[in-house]
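Lettering of chains follows the sequences in order, A, B, ..., and the numbering in each one begins at 1. All values below were derived from every heavy atom in this structure, side-chain atoms included, with hydrogens, water molecules and symmetry-related copies excluded.
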2 protein chains.
Amino acid sequence: MKIRFGISPVIVLVLVLGTTSRGDEGMFPVSDLERLGLAERGLEIAPHEIFNSDPSKPCLVDAICRVNGCTGSFVSESGLIFTNHHCAYSGIQRASSPGNDYLKDGFQANGREQEVPCPGYEVRITRSWRDVSAEVMSVVTDEMDFIERTKAIDRRRKELEKQAEADNPGTRAEVAEMFAGKTYVLFLYTFIKDVRLVFAPPSSVGNFGGEVDNWEWPRHTGDFSFMRAYVAPDGSTATWSKDNVPYRPKRHLKIAAGGVKEGDFVFLLGYPGRTARHKTVAFMEFERDVRLPVVVDFNQWQIGVLEEASAADREVAIKHAARIKSLANTEKRSRGQLKGLHRTDIVERRAESERKLQAFIEADSARGKKYGTVLSEVAAVYGEMAEAAAYEMTLSGWISASRGLGTALTIVDAAHERQKADLERESRFMDKNIELTREQVVLGVRDWHGPTEKTLFHEMAGRFLRTTKPATASAVEFDPVVFNDALFADSPVANEQQVTAMMGWSPEQVGQSTDPFIRLAMAIYPEYLRLRDLDKEREGRLNALYGRLVEIKQQLPGETFVPDANSTLRMTFGRIEGYSPGDALWKKPFTTFQGVMEKTSGEEPFDTPHRVIATGRAGKFGSFASHDDGRLPVNMLYSTDTTGGNSGSPVINAKGELAGINFDRTFEATINDFAWNAGYSRSIGVDIRYALWITGTVFEANDLLQEMGVAR
Amino acid sequence: MKIRFGISPVIVLVLVLGTTSRGDEGMFPVSDLERLGLAERGLEIAPHEIFNSDPSKPCLVDAICRVNGCTGSFVSESGLIFTNHHCAYSGIQRASSPGNDYLKDGFQANGREQEVPCPGYEVRITRSWRDVSAEVMSVVTDEMDFIERTKAIDRRRKELEKQAEADNPGTRAEVAEMFAGKTYVLFLYTFIKDVRLVFAPPSSVGNFGGEVDNWEWPRHTGDFSFMRAYVAPDGSTATWSKDNVPYRPKRHLKIAAGGVKEGDFVFLLGYPGRTARHKTVAFMEFERDVRLPVVVDFNQWQIGVLEEASAADREVAIKHAARIKSLANTEKRSRGQLKGLHRTDIVERRAESERKLQAFIEADSARGKKYGTVLSEVAAVYGEMAEAAAYEMTLSGWISASRGLGTALTIVDAAHERQKADLERESRFMDKNIELTREQVVLGVRDWHGPTEKTLFHEMAGRFLRTTKPATASAVEFDPVVFNDALFADSPVANEQQVTAMMGWSPEQVGQSTDPFIRLAMAIYPEYLRLRDLDKEREGRLNALYGRLVEIKQQLPGETFVPDANSTLRMTFGRIEGYSPGDALWKKPFTTFQGVMEKTSGEEPFDTPHRVIATGRAGKFGSFASHDDGRLPVNMLYSTDTTGGNSGSPVINAKGELAGINFDRTFEATINDFAWNAGYSRSIGVDIRYALWITGTVFEANDLLQEMGVAR
């Protein structure tokens with residue numbers, strides 16, 4: 001398959017173009033760029049320089065990669081990847097020890113041979129795609145119940161993926177759902193398994209402000225790092241080997257070392273994860289009243305436990321660092337979303353458009369008959385979910401909080417899933433994924449800390465025992481030996497070697513195990529499977545309903561219609577601009593090094609390294625200083641439409657050059673996942689000038705600047 | 001004395017005038033107005049319309065009054081006073097009960113006969129003043145030790161006051177210290193003892209945002225109320241009587257019902273309390289490292305105790321409301337000041353000017369001999385204070401936290417002080433003040449709540465017993481009966497009638513009392529007196545040293561020199577302008593009603609009354625809406641130089657009309673007391689349009705608008 005296809009016209013883009021200087025809602029599939037009127041908005045290159053459907057013509061899209069759940073961009077012909085510090089975080093953490101603390105001190109490879117392997121990392125580059133909606137939906141029949149429907153779609157997607165991978169050896173295929181129950185697109189990716197760490201600033205730069213500043217503006221974080229993609233000498237994908245050579249991307253981004261200025265047009269390319277722009281008010285209410293409050297509460301408690309354990313011991317702190325960071329990130333985002341959802345106008349606006357839609361449906365009796373109950377049926381599904389949520393979230397919370405139970409359950413699940421035909425398995429246990437899954441499970445065990453595990457396990461076990469079970473729940477009976485203290489200090493599921501082996505166990509081996517965690521996982525497994533099927537059943541119902549919702553919405557005149565984010569390649573555009581977070585307040589779009597110094601207290605997370613302070617105090621900003629005021633820009637704000645997964649996305653100027661790296665949104669913009677707003681939806685990036693100054697001027701990694709073609 | 005005098009030229013004002021649009025540091029004595037170049041800065045009336053030295057010519061100063069520790073202004077010819085809600089707070093609180101909750105519901109007199117007396121309130125209007133520095137300092141001799149020096153100055157000030165009051169029957173005289181140990185001015189005040197509450201909005205307007213928003217911007221508080229001054233029918237000062245008539249001020253302020261706009265020149269007249277602009281680095285360090293951290297900690301703890309007691313019972317909540325408000329206000333201001341003092345540049349800038357001064361002193365051997373050790377001697381006094389602070393602050397903290405101990409100690413003190421000749425007494429026990437002191441002590445008892453008293457008393461007693469006593473401290477031995485529980489439920493010092501009588505006790509009666517609080521107070525009294533003398537001794541030393549410091553500073557060329565605030569009448573000017581609180585942030589100078597609605601959550605302190613919401617939602621802003629955008633302005637920000645005591649000061653426009661009422665400063669500006677900064681020192685006022693809208697449009701007090709000559 002050597003042709004890049006556009007996406008089916010089922011995705012109708014009705015954009016109200018105008019002379020406005022604002023960004024617009026929309027994470028656009030790159031095949032749609034020609035229709036966006038980008039030249040009028042300020043783009044100075046042709047849209048086909050961003051994306052060209054002729055694969056023989058390299059374009060900016062070839063310089064974009066997915067780095068696990070993040071985005072990165074190639075910034076040299078030798079596979080140098082520019083991404084966020086927080087995207088490389090697990091890699092930095094796993095390479096660190098108290099004696100070699102790269103989180104604390106930063107990391108700088110002195111030559112390529114010193115670049116550190118990052119197990120668990122995978123890089124993907126989008127090669128091509130095609131609409132497979134008809135091929136997917138052809139397997140759905142009216143006779144199917146909802147579980148069957150979900151499973152049939154799922155199986156069909158996997159078949160298509162398998163076929164595509166067979167046709168294109170050495171690639172990864174993914175059938176992405178663009179509109180639930182409606183539109184599916186098969187994406188083909190180049191994928192790279194040997195990823196190495198090249199440069200990371202100290203956390204006191206890369207995570208400056210920590211959880212205090214996370215999701216906040218003004219921001220002063222140098223959240224960037226450099227990794228490098230390696231392949232076998234013949235260019236094929238390979239796991240780490242000293243013989244591997246740097247990957248040569250078809251295209252890499254040129255650095256805009258002069259940065260951008262207020263009002264400038266910018267765009268981002270990246271892999272935004274999930275949005276819910278087409279979901280209903282019932283969904284928003286479920287999130288607001290049921291799910292998000294539990295997430296906030298649950299994460300706050302876990303963070304508290306992990307932080308207490310970390311306070312006394314740096315070794316434990318390093319173990320828990322990535323986990324705390326991830327929990328805190330979700331907690332604060334969820335809090336922002338809750339706050340946003342409690343602003344009446346967001347839910348109310350969605351409700352208003354649903355009332356309009358319902359009136360439109362009922363205005364015609366044929367429409368009424370076909371679509372009249374869609375919205376109320378959707379609401380009924382969320383109603384059922386809300387009723388069972390306390391119980392279901394407690395069980396899944398227990399599994400996620402306890403490394404022991406979580407690991408054991410994955411081992412049990414793997415043993416049973418692997419008995420099935422490849423395409424029938426849960427995706428992570430398919431032959432092509434099982435290796436990465438095992439790697440991630442084993443790496444999770446590396447963070448094991450007995451006392452923390454005990455506290456988390458006991459509390460969640462207690463909550464599970466106390467929670468009211470729905471009538472449909474299977475009884476879960478387990479041996480009280482799991483509460484034995486010795487368990488947490490010395491368990492096979494806490495041991496990397498043993499877990500590696502156990503991930504290959506058969507159902508018989510699992511059944512014969514006397515390990516209390518495995519026995520507990522066995523006791524829970526039937527109920528776990530019941531809930532997994534229940535999820536599929538709900539997904540099937542919602543999938544069919546949302547498919548019908550899309551159908552009828554498309555008949556509604558004048559409706560803007562862009563697919564939700566789904567971790568596939570998207571483009572979003574906007575301008576460098578500030579915003580008003582509230583009455584009498586204005587936030588400007590650039591922060592400066594002066595702000596770093598204002599925040600620096602010497603205490604974590606505001607403990608700027610001496611080297612940075614000294615270089616900054618000496619005013620050594622050189623050509624990286626802003627032309628306007630001579631200050632060094634640090635972070636910047638722009639009105640693009642982003643979500644998680646856009647972490648590490650390049651911020652590209654009108655000429656197609658890299659002017660910064662995206663890493664966060666403002667607190668008000670956490671609600672982006674539900675609704676985008678031109679007034680306050682702003683994303684946050686590191687200004688390229690700060691990244692270059694830290695890398696080149698402060699830490700003197702001149703080889704990297706040279707490799708990127710930056711003269712100082 | 002029928003002539004208003006200017007203040008002696010000892011107060012040299014070296015002002016650097018320019019075309020700057022900013023305010024300037026300085027709370028100027030009104031006799032200095034002619035020298036300030038106000039016309040160039042934007043004042044459209046002649047300075048002599050603000051202050052006229054010819055008493056036969058009424059001027060704006062005649063419309064300004066002191067309301068206890070606050071400022072107010074006359075806004076009608078019938079003694080109507082416009083001041084802050086928080087200035088009238090104690091009066092509103094004391095008039096309230098759970099059945100008649102004026103704090104919660106607001107208060108509106110339906111005709112003058114319904115206006116509510118506010119015992120404990122006193123209104124003063126400045127009549128005239130004259131420099132009495134020579135007369136005061138003539139009593140100081142080189143032979144005096146420092147206690148003698150303080151006492152001699154103190155006695156001389158009281159003699160001059162007594163003489164002035166004898167010469168001008170019906171007035172109050174006060175000798176104010178303009179520059180410690182150097183300049184003294186005798187002020188003569190008309191004073192009024194019958195003060196009544198006319199109108200107060202509900203606390204949910206007048207204290208909107210409560211402690212959360214206190215010292216913060218953006219602000220949305222309707223912190224205003226109306227009181228009225230009454231005198232005997234013959235115009236003389238009288239306590240409450242139904243025959244009293246409204247006071248007729250010589251001048252009242254005209255209302256600028258159209259408000260002001262960004263960039264406008266404004267000025268304030270008022271009674272700023274205390275600043276420390278001429279104190280040394282040693283003082284700042286004492287505040288930063290010793291006193292303020294204890295104040296913050298101590299107040300936070302007391303607030304916690306009072307809030308816990310208030311949570312369960314609205315009656316207790318009303319009792320504790322004013323006390324919590326006052327503690328919280330001090331706590332947050334102190335926190336702001338601590339933060340400001342930790343900004344290195346503030347202390348560093350003062351240190352730099354001290355280094356310059358020291359160099360200037362040492363550049364001349366005669367100067368060196370006379371002034372060479374002044375700064376180090378000042379530092380030595382603060383050093384001694386720092387050493388004893390833990391002990392002394394614990395004792396004074398106990399006395400202030402325990403109403404029982406505090407009241408008992410005042411009773412004991414009163415008994416002994418009243419044995420002395422009038423001029424020898426502590427000021428509050430002098431014949432002219434004893435009545436107000438007794439009133440305030442009795443009103444304090446009205447807030448008594450046994451369980452709260454017990455908690456505060458026990459904790460502080462424990463701290464006092466545990467604290468390390470300095471070698472010089474007298475032993476304090478007291479009967480453990482004070483820890484008897486019964487005490488807190490039923491003590492004579494908790495009873496208004498009994499306290500009224502006890503305030504007239506002789507030393508013998510005090511000595512014979514068996515009340516445990518009185519006996520404890522007797523046990524503590526000798527140590528209390530020792531510390532009072534120690535304070536006087538330190539004051540004497542600092543007083544003499546600061547006098548010498550002023551002498552030498554005046555010889556330093558090009559130094560700006562404005563006296564510290566000391567609760568006497570001052571004028572300060574500036575512009576309506578925003579500020580940047582930090583990198584990438586800008587705060588605009590007006591908030592609007594939209595911001596009130598954004599903050600309104602229905603939960604205290606953001607529980608806007610339905611009546612306000614309904615009127616606002618209906619958009620009934622009429623002529624009070626801003627001409628720019630049709631929104632209703634609520635609060636405003638300006639670059640004047642204010643401190644505590646400026647609460648209630650009128651914000652006056654270039655034409656001399658009332659455009660708002662001052663009630664707070666920004667968090668950054670809490671540091672004003674130590675140093676003023678054009679970049680971030682901003683004061684906060686209620687826009688007159690919001691006050692008029694709440695009073696007239698929302699609560700329909702049209703009689704008040706009519707009385708003020710406001711047409712809608």
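- None of A:Lys588, A:Arg219, A:Lys599, A:Glu598 except one satisfies the side chain to side chain contact (heavy atoms under 4.5 Å, CB included) rule with B:Asp583; the exception is A:Glu598.
- Summarising the geometry, atom CG belonging to B:Leu585 is positioned 12.0 Å from atom CH2 belonging to A:Trp586; distances are rounded to the nearest 0.5 Å.
- Other residues, nucleotides and ligands contribute at most 12 non-hydrogen atoms within 6.0 Å of the CD atom of B:Glu604.
- For the pair B:Trp217 and A:Ala584, the tightest heavy-atom approach, listed with the atom from each and the gap, is NE1-CB, 4.2 Å.
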